[in-house]
Number of protein chains: 2
Amino acid sequence: MHIRMNWNAVNFDWNHTRAFLVTAEEGTLSAAAKALGLTQPTLSRQVSALESDLGITLFERVGQRLVLTDSGMELLEHARLMADAALQFSLAATGQSQQIEGSVIVSAGELDAAFRLPKIIAKLRREEPGINIEVIVTNAASDLKRREADIAIRNFRPTQNDLIAKKLGEEVGWLYGTKDYLEQLPQFTDFSELKDIQIIGFDRSNLVSNVLNQQGWQLSKHNFKLITSFQLLQLELCKEGMGLIFFPEHLGDNDPSLIRAFEHMGPVIRLPVWLVCHQELRTSLRVRRVFDFIANEFSQFLDQ
Amino acid sequence: MHIRMNWNAVNFDWNHTRAFLVTAEEGTLSAAAKALGLTQPTLSRQVSALESDLGITLFERVGQRLVLTDSGMELLEHARLMADAALQFSLAATGQSQQIEGSVIVSAGELDAAFRLPKIIAKLRREEPGINIEVIVTNAASDLKRREADIAIRNFRPTQNDLIAKKLGEEVGWLYGTKDYLEQLPQFTDFSELKDIQIIGFDRSNLVSNVLNQQGWQLSKHNFKLITSFQLLQLELCKEGMGLIFFPEHLGDNDPSLIRAFEHMGPVIRLPVWLVCHQELRTSLRVRRVFDFIANEFSQFLDQ
DNA sequence: TAATTGGTATGCATATTCGTATGAACTGGA
DNA sequence: TCCAGTTCATACGAATATGCATACCAATTA
């Protein structure tokens, strides 16, 4: 028995709802337009049309800014849910897509993006010219659930169970420095004799120093006089002899201007490297191809 | 900190998703078209466009019927969820819409209330049956700030800068009288010969006589033996041949019993007509709707 | 006060989408 | 086999939505 459904309630322009949502989230029509690849007048008219359709004023036009009305705030929640559903739809659609042509978004850190991905992507492009690759370079982990990326390279095991992940190996990290910098360090028998050593840090969090101090170092803020989260700048500062950096083994060893510091103490840290992907995308031929390709190629850079 | 969202994943045509859903649920494009108030070719194209966008075949065109593919069936679930969200959005919207309670209060003068508003309100009621109109008829300007009215028709530019106003045009005012009354007036070459002419006045203020005297008349209290601020009484008294009245052009010309007096001298006065609105225009679509409607309809009565 | 910046709304030419009309393919029954 | 009744796809003129240019407005800066 077929139930005759009533579609009247959903018979409004869903795209206008998206226009409303993105405008509310981005704060301005202009920003929303840029985010959606449309123009500001179009967004303006779409939002107005939605207001007219619903019989509700969603935004107060106060001065140069749009401010959500109470009604608008109420509806924004529902619009978010609708967008979530749309996102799931999109994910599922990409997962169902069996055509190899299309684009895949890969999220990676700066070092991977700069030193390892170029060759991998070049090789992939040669083998699969139909696949376009977009690389998002970020320190923070991209949100795969929000679909900021299809595939991500990460240094921790993913927790969310709707993600599929493959451990590619382990990243071995050493401290590196220039030959000159290391030679001018005092011969030491105790870590306290290295109190003036300079390490170029990531940020003000004590992540690196904590790890090192656990191994007997006695590091404080004194030892991190240069701080940047941009790792390529860290590298160049190190090459200028400004201090040591924390760097992956395969990259550091291949750079003739870098030398392992305190090699006899062994590597500073071993980090797992995971390749992560949304579960829905497992069935996508295209995403799977890129996933497997990166997994295969990446291993050469890692300890197994 | 503001999280920069990625809207690419939801940047497909949501309406096409609805087209797909309804088509799948209804079984045929024709039925879906009827359900959505569209036509079958439109649905056909929207579904095709979605298939093209996603790179997926949603339906197998087998014979006269569309049959869902496996991918289509998979995606149908997600489309349903999206429609559920859309339904909730719609329900919330209509709830919010009805939550804007109270009627729209319009303030107008007697002449506008008696002669011009009836047709406008009737037409508005036909187009917007949900909007109740309350009309406040007053000579004095209603205080919008105290919300004695939402919308007011006025003859002067509003001073309070937080009110929204729109100039509708200009009211052209003449002196009118009955044919009989005008014919019994003496032929005159000088205003002094009209010292017994009767003009039905508004009140004891000299507003009208001042204006006329500036144009060469020599009027005094003698000429205002009948005074009432009730303009409809003025009109009826005039029609009884009791004297002249000061009356808007479009109203006077349309009344067969009235004739312009001293037409060769030109209109007595031109007054601007402003439509002014309470702050609530910003939050209430209904107020805005009435405002725009009156603004549009009123123009026919005025010089631009 | 004037210029600049960053925002929204509007007029207009254009590109896209839609509806009407029509055609083609399939189903079921005479 | 033919016909009536469906259904989906295509062509084309009309309606609609879009983008560009611009007006306009508020806030900030010189």
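Proteins come first, then strands; the chains are lettered A, B, ... in the order of their sequence lines, and each starts at number 1.
At the phosphate of C/dC18, neither OP1 nor OP2 sits under 4.0 Å from any side-chain N or O atom of B/T39. Note on A/S30: a side-chain N or O is less than 4.0 Å away from OP1 or OP2 of C/dT8. Dashed line: the shortest gap from a side-chain N or O of A/S44 to OP1 or OP2 of C/dA9 is under 4.0 Å.
A cation-pi geometry, defined here as NZ or CZ lying under 6.0 Å from the six-membered ring centre and within 45° of its normal, holds between A/R18 and B/W14.
For A/T28, counting side-chain heavy atoms from C-beta on, the closest listed nucleotide (D/dT7, C/dG7, D/dA9) is C/dG7. Residue A/Q46 has its side chain nearest to D/dT18 when only D/dT18, D/dT7, C/dA9 are considered. Closest approach to the B/L66 side chain among D/dA11, D/dG19, D/dC8 is made by D/dC8 (side chain taken as heavy atoms from C-beta onward).
Distance, A/L29 CG to D/dG19 C1': 15 Å, rounded to whole Å. Taking atom CD of A/Q40 as the reference point, atom C1' of C/dA9 lies 7 Å away to the nearest angstrom. As rounded to whole Å, 15 Å separates atom P of D/dA17 from atom CG of A/L43. Following rounding to the nearest Å, B/K34 (NZ) and C/dC18 (P) show an atom-to-atom distance of 20 Å. The CG-P distance, from B/N15 to C/dT16, rounds to 18 Å in whole Å.
Both A/T42 and B/T23 sit near DNA chain D, but only B/T23 has its closest nucleotide nearer the 5' end.
Inter-residue side-chain proximity for B/L76 and A/F89 is flagged as unmet; no heavy-atom pair is nearer than 4.5 Å.
Judged purely by distance below 3.5 Å, without hydrogens or angles, the side chains of A/S103 and A/R286 never pair a donor atom with an acceptor atom.
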Quick one: do B/Q40 and B/S30 satisfy side-chain contact (heavy atoms from CB on, under 4.5 Å)? Show the steps, please. CA-CA 5 Å; B/Q40 170 268 318; B/S30 310; 3.9 Å; yes

